[in-house]
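Input: a single structure, listed below in structure tokens.
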Amino acid sequence: MPDPGISAADILVCRVCGALSRRPLHLEPHDHLYCQRCGGRIRIGRGNSIEVTWALLIAAAILYVPANLLPVMSVYMLGSGQPDTIISGAWHLVAAGQWPLALLIFVASIVVPLLKLLALIFLLLGMQHGSSRHPRERMKLYKMTEYIGRWSMVDVFVVAILIALVQFGNLARIEANTGTFCFASVVVLTMLAAHTLDEHLIWDTAYRQRRDRKKHG
Amino acid sequence: MPAAVNACLPAEFVSVPLPDCDRILPHWAKRAVSGGLRSIYAGIRINNLNDPAIHAGLSGNFIGIMTEQLVACEECGRLHHYRPLTDGQTATCRRCGAVLYRQRAHMLEMMLALTLTGLTLYLLTNAFPLLGLRAQGMQQELTLWVACVAFWKQEYYLLTLLMAMNLLIMPLLELCSMLWITLTIHFCWPPALALTLYRWIRVLKPWAMLEVFMLGVLVAVVKLGDLAFLIVGPAFWSFSFLIVVMAAAASVPDPHTVWSRLEACRRHA
């Protein structure tokens with residue numbers, strides 16, 4: 001016979017495969033649960049997703065500064081070379097009349113990481129304050145952040161392609177600089193932050209508040 | 001045991017069109033979709049968790065899987081009753097509208113065809129150069145491998161690792177895993193490896209960045225176009241097709257179906 005005391009809070013969902021498990025009756029503070037089907041770690045309650053996401057976001061925000069100020073690559077033509085940051089590289093493209101390309105680089109490398117940082121901070125604050133407003137829209141924002149983030153890597157790939165292709169000794173040569181490394185770190189850290197952020201919390205708080213209102217009103 | 005599943009459904013089961021279709025698709029497309037891809041809401045919020053049918057999956061085990069009766073929304077975590085669908089139908093979450101599961105005709109055949117095509121294209125892409133650059137009698141060729149090790153020569157070793165993971169390891173892992181999973185489901189092999197592989201490729205999906213690299217190639221082509229003579233290599237075309245095939249291969253399998261069929265293989269074995 002099933003015991004009568006089971007509620008929705010006793011059911012744990014595996015975030016990877018969606019298998020449902022029953023919360024064990026006794027759980028020590030540092031116990032880990034693993035999904036019986038796929039073997040993935042099961043998140044219990046809030047966990048520390050908010051704290052870890054904050055840490056990753058702060059690290060990404062700090063690295064965003066050198067990523068934009070330090071040169072990403074240097075172009076050497078006939079022995080003389082000049083280092084380029086992301087912005088000056090985009091500016092050269094505008095000067096050469098290739099403004100659609102400059103716009104693409106500008107959006108993918110400067111606007112998208114910044115918007116991503118702001119969006120994740122907005123979502124985190126909403127979760128911490130138990131906001132119940134527009135959960136559908138906030139979920140859409142999260143899905144968009146998760147999807148768009150990887151496209152920022154395009155700048156790193158362009159640098160890789162250029163330094164691989166343009167190696168003609170003294171005639172023309174392109175080298176990578178530290179800015180690329182910082183920039184790639186920003187992309188990786190924000191991608192990790194989007195992964196550690198527990199999107200179910202958007203709905204948990206929204207649902208909890210509506211239930212509370214119903215109870216009181 | 002679909003009969004038992006139906007028995008635990010509440011009588012007032014609602015069947016309405018998927019709201020997403022209404023909002024996203026234009027009118028002409030909606031009419032086309034409403035024929036073949038009719039969608040239903042998957043269920044009712046569970047009020048009676050003491051239902052014996054639900055507990056059948058819970059009994060005895062420390063962690064029991066009850067996926068045969070209940071489905072949790074991947075995006076918002078809300079629980080729904082599982083209800084079998086017919087081919088072409090999609091079940092969506094009542095709260096957030098995300099897809100819970102769908103029934104797709106010929107899913108395994110499509111997966112097999114796409115992964116085999118993908119593996120062939122992957123081999124072709126790695127065997128031939130993507131781009132060539134000619135200047136002053138000298139020629140440089142760009143293959144996927146050369147692009148990955150470009151940072152190694154500049155002593156950015158972590159970036160090399162990241163690029164190799166994005167461009168070489170993850171796509172290959174994804175294709176091989178999908179092939180292994182398809183074969184496991186079809187022949188009902190013991191699914192331990194297939195379950196682990198599917199978990200890994202679900203988690204690591206965002207780190208395969210072939211399409212982003214393609215955008216990078218296009219940007220580089222436009223950038224270099226004025227300066228030097230560019231040659232488009234044979235791998236450029238196989239790479240374009242590989243991206244299309246990988247996108248299709250990622251969208252064809254329905255996660256819920258794959259997980260539950262792998263689970264069924266374990267019970268069978």
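In what follows, chains are A, B, ... by sequence order, proteins preceding strands, each numbered from 1.
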Problem - chain B contact via A:Gln167 - which portion, at a heavy-atom distance below 4.5 Å - result: both
Handout entry: Closest-packed option against chain B by number of heavy-atom pairs under 4.5 Å, given A:Ala176, A:Ala172, A:Ala194, A:Gly149
Key = A:Ala176
Exercise for the section: Would you mind reporting whether A:Met139 and B:Cys76 have side-chain heavy atoms less than 4.5 Å apart? Expected result: no
Problem - B:Leu130, part contacting chain A, at a heavy-atom distance under 4.5 Å - result: neither
Completion exercise
Ranked by heavy-atom pairs below 4.5 Å to chain A, first place among B:Arg202, B:Met138, B:Met163, B:Glu74 goes to B:Met138
Exercise for the section: Check whether any side-chain heavy atom of A:Val154 lies under 4.5 Å from a side-chain heavy atom of B:Phe213, and answer yes or no. Expected result: no
Handout entry: Under 4.5 Å from any heavy atom of chain A - which part of B:Lys153
Key = neither
Practice task
Heavy-atom distances under 4.5 Å only: say whether B:Cys148 touches chain A with side chain, backbone, both or neither.
Solution key: neither
Practice task
Select one option (side chain, backbone, both, neither) describing which atoms of A:Ser185 are under 4.5 Å from chain B's heavy atoms.
Solution key: neither
Handout entry: Min side-chain heavy-atom separation B:Asn166-A:Phe157 under 4.5 Å
Key = yes
Practice task
Run the numbers on B:Trp207 and A:Arg150 for side-chain contact (heavy atoms from CB on, under 4.5 Å), then give the verdict.
Solution key: CA-CA 8 Å; B:Trp207 298 95; A:Arg150 27 210 303 280; over 6 Å; no
Exercise for the section: Any chance you could measure A:Leu165, atom CG, to B:Leu133, atom CG, to the nearest 0.5 Å? Expected result: 5.5 Å
Practice task
Sort A:Leu162 into side chain, backbone, both or neither according to what part of it lies under 4.5 angstrom from a heavy atom of chain B.
Solution key: side chain
Practice task
Below 4.5 Å from any heavy atom of chain A, which atoms of B:Val149 appear? Answer side chain, backbone, both or neither.
Solution key: neither
Problem - Heavy-atom neighbours of A:Phe181 CZ exceed 12 at 6.0 Å - result: no
Practice task
Indicate the atoms forming the closest heavy-atom contact of A:Ala164 with B:Val146, along with that distance.
Solution key: CB-CG1, 3.8 Å
Exercise for the section: Flag the pair A:Cys38 / B:Trp259 as yes when at least one side-chain heavy-atom distance between them is below 4.5 Å, and no otherwise. Expected result: yes
Practice task
Can you tell which part of B:Tyr156 gets under 4.5 Å to a heavy atom of chain A, answering side chain, backbone, both or neither?
Solution key: side chain
Exercise for the section: Answer yes or no: does atom CZ of B:Phe128 have more than 12 heavy-atom neighbours from other residues, nucleotides or ligands under 6.0 Å? Expected result: no
Problem - chain A contact via B:Leu167 - which portion, at a heavy-atom distance below 4.5 Å - result: side chain
Exercise for the section: Could you tell me which portion of B:Pro255 (side chain, backbone, both or neither) has an atom closer than 4.5 angstrom to a non-hydrogen atom of chain A? Expected result: neither
Exercise for the section: State whether the number of non-hydrogen atoms from other residues, nucleotides or ligands found under 6.0 Å of A:His195 atom NE2 is greater than 12. Expected result: no
Handout entry: Contacting region of B:Leu162 [heavy-atom separation from chain A under 4.5 Å]
Key = side chain
Handout entry: Winner by heavy-atom pair count (cut-off under 4.5 Å) against chain A, out of B:Leu195, B:Leu159, B:Leu158, B:Val212
Key = B:Val212
Handout entry: Heavy-atom side-chain proximity of A:Ile161 to B:Val221 below 4.5 angstrom
Key = no
Practice task
Please say whether more than 12 non-hydrogen atoms of neighbouring residues, nucleotides or ligands are located less than 6.0 Å from CE in A:Met77.
Solution key: no
Practice task
Tell me, yes or no, whether the heavy-atom count around B:Trp189 atom CH2, taken from other residues, nucleotides or ligands under 6.0 Å, exceeds 12.
Solution key: yes
Handout entry: Max heavy-atom pair count under 4.5 Å with chain B, selected residue of A:Asn177, A:Ile105, A:Val13
Key = A:Asn177
Practice task
Verify the neighbour count for atom CH2 of A:Trp151: are there more than 12 heavy atoms of other residues, nucleotides or ligands below 6.0 Å?
Solution key: yes
Practice task
Would you mind checking if A:Lys143 and B:Glu75 are paired as a salt bridge, meaning a charged N to carboxylate O distance below 4.0 Å?
Solution key: yes
Completion exercise
To the nearest 0.5 Å, atom CD of A:Glu146 lies from atom NZ of B:Lys205 at 11.5 Å
Fill in the blank from the handout: Most contact-rich option vs chain B, by heavy-atom pairs under 4.5 angstrom, among A:Leu93, A:Val188, A:Val159, is A:Val188
Fill in the blank from the handout: Shortest non-hydrogen pair, A:Ala160 vs B:Ala147, comes out as CB-O, 3.9 Å
Handout entry: Largest heavy-atom contact set with chain A, pairs under 4.5 Å, which of B:Glu141, B:Gln139, B:Glu211, B:Gln154
Key = B:Gln154
Exercise for the section: Kindly check if the number of other-residue, nucleotide or ligand heavy atoms within 6.0 Å of CZ (B:Phe239) is above 12? Expected result: yes
Exercise for the section: Answer whether the closest heavy-atom distance between the side chains of B:Lys223 and A:Leu101 falls below 4.5 Å. Expected result: yes
